[in-house]
Asker: 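Here it is, the structure, as C-alpha cells.
Here is the naming used below: chain letters follow the sequence lines, and residue numbers restart at 1 for every chain. All values below were derived from every heavy atom in this structure, side-chain atoms included, with hydrogens, water molecules and symmetry-related copies excluded. Computed from a predicted model, the values in this text were never measured in an experiment.
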Number of protein chains: 2
Amino acid sequence: MSNPSAATPQPLTPDEESLVRALGQVMHVLPRAIDADMVGDRQLPLTEYTALMNLSETPDRRMRMNELAALCHLSLSGMTRTIIRLETQGLVRRERCEEDARGSNAVLTDAGFARLQESWPSHLAAVRRRFLQHFEGFDLAQLARAFQRAGTAETTD
Amino acid sequence: MSNPSAATPQPLTPDEESLVRALGQVMHVLPRAIDADMVGDRQLPLTEYTALMNLSETPDRRMRMNELAALCHLSLSGMTRTIIRLETQGLVRRERCEEDARGSNAVLTDAGFARLQESWPSHLAAVRRRFLQHFEGFDLAQLARAFQRAGTAETTD
DNA sequence: AGCCGCTGCTTGATTGGTCAAGCAAATATC
DNA sequence: GATATTTGCTTGACCAATCAAGCAGCGGCT
C-alpha cells in the first residue's frame, strides 16, 4: 500500500462509524416501513404519495413536470412514469401547458385529492412513529440544517 | 373520512417538517453521491463495496449468505445476485459450506481484498465529505443511538 | 430405513428506477 | 422567415432490487 494519493486515511472513530452504519440502516428500513404502514392502511406507495402531496400544495393543484420531478427527488423520466401510474388510477390528469405547448402540467384530480386526504393521516402517523419519535430531546431545527447541508449535493467538487 | 383512528392528526411543526424533508433529500442524494464519487475514483458500486467490506471484517474473510445479506440490508436473493456480480469480477468466490451442504460461503478473494483496499480511501473520504462533515458540532454518539432506534423496524406494531 | 417438513439458497417474473435517444415546440440567428 | 439550436417531456433499453416459487440437503419421527 504505497500509493501516495490513497495513503493512510484515518479510519472513522467508533462514534462516526456507528452513526454511519445507523444511517445506512435507516435509509434502507425507513422508506419500506413507512410504505408498509401506508400500504397496510391506505394503499399508496411513497413516491406516488409524494407526488400527490406536492401537487396538493400548489394553489391550483397543478405543476410542471420538471418542477414536480425536482420536488420528488426523481428524474424527469421517473416522474413521467409515476404520473402515468397515477393517471391510470385517475388520481392525476395531464394537460398540455398553455404558454408553452411542449410542457405538461400534472393536475391533481378530485379523486386524487380525496385519496391524499385519506392517506395523509396514516402517512403522518408513520413518520412520527418511525422517525420523529426517536428524536425527542433534539434540536430539530439544527438537525434539519445539518441534513439540508448534507442533502445538497455538490456534483463532485 | 369518518375512520376514528385516522381522525384529526396534528400537522407537523415547521421544524419537524423541514427535518423530514431534509432527511428525504439526504436519503435520495447521499447514496448516489457516494456511488458517484467512488465510481469516478475507483469503480465499485455501494452495494458491492458493502459486501466486500463486510466479508473483509470476518476473521477468515468468508461468511454465510444469510448473514451477509442481513449486514448488507439486502434480501437473500438480492445478496445472491450481488455475489454473482462480484464473482464474475473475480472478487469473491463461493464455496459450499462444509458442515451444512445446502449453505454457501461467500469468500473474499485476494483480488477482492486488493480491490477493497483500493476503494476504501475514496469511500471513506466520500462519507466524511458528504455526510460527517456536516455534523461537526453534534454529539455523534447520541445521534447514532437515535438513528439506531429509528432503524430498528418493528414490523408494524 | 423412509417419509415429511424445514432451511438455505437460487431462479423467474415483476417493479420502479436510471440514462440515452427521440420528438415536437420554442427560440435564436442569419 | 427559414434554418439551427435548445428545451420539455416521453420512450426504449437496461439494471438492481423485490417477492414468490423451486430445489436440494438436513433432521425428526415412526
Side-chain angles (χ1 to χ4, degrees), chain A residues 24-25 27-36 38-40 43-52 62-89 92-107 153 155, chain B residues 24 27-36 38-40 43-51 62-89 92-107 153 155:
Chain A
Q25 176 121 328
M27 292 198 313
H28 188 261
V29 160
L30 235 174
R32 287 171 167 66
I34 291 179
D35 243 36
M38 302 224 320
V39 164
Q43 189 83 257
L44 232 199
L46 194 47
T47 307
E48 304 181 9
Y49 177 86
T50 308
L52 296 188
R62 84 187 46 223
M63 204 184 289
R64 294 288 291 268
M65 294 298 285
N66 56 20
E67 191 182 354
L68 187 55
L71 288 175
C72 295
H73 313 302
L74 225 53
S75 71
L76 204 36
S77 63
M79 196 70 246
T80 295
R81 283 167 169 143
T82 302
I83 289 296
I84 289 174
R85 251 174 281 143
L86 287 169
E87 208 170 21
T88 65
Q89 302 174 67
V92 153
R93 172 170 30 93
R94 261 181 303 183
E95 290 180 354
R96 216 132 196 81
C97 183
E98 305 244 310
E99 70 267 21
D100 180 347
R102 60 216 148 138
S104 283
N105 279 302
V107 189
T155 324
Chain B
M27 293 198 313
H28 188 262
V29 159
L30 235 172
R32 287 170 169 66
I34 291 180
D35 243 36
M38 302 224 321
V39 165
Q43 189 83 256
L44 233 197
L46 194 47
T47 306
E48 303 181 9
Y49 177 87
T50 307
R62 84 188 47 223
M63 205 183 290
R64 293 289 291 269
M65 294 298 286
N66 55 20
E67 191 182 354
L68 188 54
L71 289 175
C72 296
H73 312 301
L74 226 53
S75 71
L76 205 36
S77 64
M79 196 71 246
T80 294
R81 278 156 177 151
T82 303
I83 289 298
I84 288 174
R85 242 144 40 217
L86 287 168
E87 209 170 19
T88 65
Q89 302 175 67
V92 153
R93 171 170 31 93
R94 260 182 303 183
E95 290 179 355
R96 215 125 199 86
C97 183
E98 305 244 311
E99 69 267 20
D100 181 347
R102 28 195 185 159
S104 283
N105 280 301
V107 188
T155 323

Asker: Can you sort out the partners of B:L74 under side-chain contact (heavy atoms from CB on, under 4.5 Å), two or more places apart, ordered by chain and number?
Answerer: B:T47, B:C72, B:M79, B:T82

Asker: Can you name the residues that form a side chain to side chain donor-acceptor pair (under 3.5 Å) with B:S104, not counting sequence neighbours?
Answerer: none

Asker: Taking all non-hydrogen atoms of both residues into account, name the closest pair between A:L86 and A:A51 and its distance.
Answerer: CD1-CB, 4.0 Å

Asker: Indicate the atoms forming the closest heavy-atom contact of A:R64 with A:C97, along with that distance.
Answerer: NH1-SG, 3.3 Å

Asker: From the 5' end of DNA chain C to its 3' end, which nucleotides mark the outer limits of contact with chain B, defined by a 4.0 Å heavy-atom distance cut-off (strictly under)?
Answerer: C:dT7 to C:dT18

Asker: For B:R32, enumerate each residue passing the side-chain contact (heavy atoms from CB on, under 4.5 Å) test, keeping only those at least two apart in sequence or located in another chain.
Answerer: B:H28

Asker: How is A:R94 classified with respect to the nucleic acid when contacts are heavy atoms under 4.0 Å: base, sugar-phosphate, or nothing?
Answerer: sugar-phosphate

Asker: Residues in side-chain contact (heavy atoms from CB on, under 4.5 Å) with A:R102, at least two apart?
Answerer: A:D100

Asker: Among residues 64-73 of chain B, which contact DNA chain C at a heavy-atom distance under 4.0 Å?
Answerer: B:R64, B:M65, B:N66

Asker: Can you name the side chain to side chain donor-acceptor pair (under 3.5 Å) partners of A:T50, sequence neighbours left out?
Answerer: none

Asker: Enumerate the salt bridge (charged side-chain N to carboxylate O under 4.0 Å, His left out) contacts for residues 72-87 of chain A, please, sequence neighbours excluded, ordered by first and then second residue.
Answerer: A:E48-A:R85, A:E87-A:R94

Asker: Check the distance between D:dC19's C1' and A:D35's CG and give it to me in whole angstrom.
Answerer: 15 Å

Asker: By the 4.0 Å heavy-atom rule, please label B:R96 as base, sugar-phosphate, or nothing.
Answerer: nothing

Asker: Under 3.5 Å between N/O atoms: give me all the protein pairs with nucleotides 26-29 of chain D, atom names plus distance.
Answerer:
{"unit_1": "D:dC26", "atom_1": "OP1", "unit_2": "B:A101", "atom_2": "N", "d": "2.7"}

Asker: Return the CE to CG distance between A:M65 and A:L76, rounded to the nearest 0.5 Å.
Answerer: 6.5 Å

Asker: Looking at residues 75-83 of chain B, who's got a heavy atom less than 4.0 Å off DNA chain C?
Answerer: B:L76, B:S77, B:T80, B:R81

Asker: On a heavy-atom basis, which atom in B:S75 and which in B:A69 lie closest, and how many Å separate them?
Answerer: O-CB, 4.1 Å

Asker: Provide, to the nearest angstrom, the distance between the CG atom belonging to B:L74 and the P atom belonging to D:dC15.
Answerer: 18 Å

Asker: Name all residues meeting the salt bridge (Lys or Arg N to Asp or Glu O under 4.0 Å) criterion together with B:R93; count only those two or more places apart in sequence or in a different chain, and write none if there are none.
Answerer: B:E95

Asker: For B:M27, give me all partners under side-chain contact (heavy atoms from CB on, under 4.5 Å), at least two apart in sequence or on another chain.
Answerer: A:M27, A:P31, B:L23

Asker: Step by step, work out the side-chain contact (heavy atoms from CB on, under 4.5 Å) result for B:H73 and A:V29.
Answerer: CA-CA 8 Å; B:H73 312 301; A:V29 160; 5.7 Å; no

Asker: Starting from C1' on D:dT18, measure out to CG on A:L46 and report it in whole angstrom.
Answerer: 16 Å

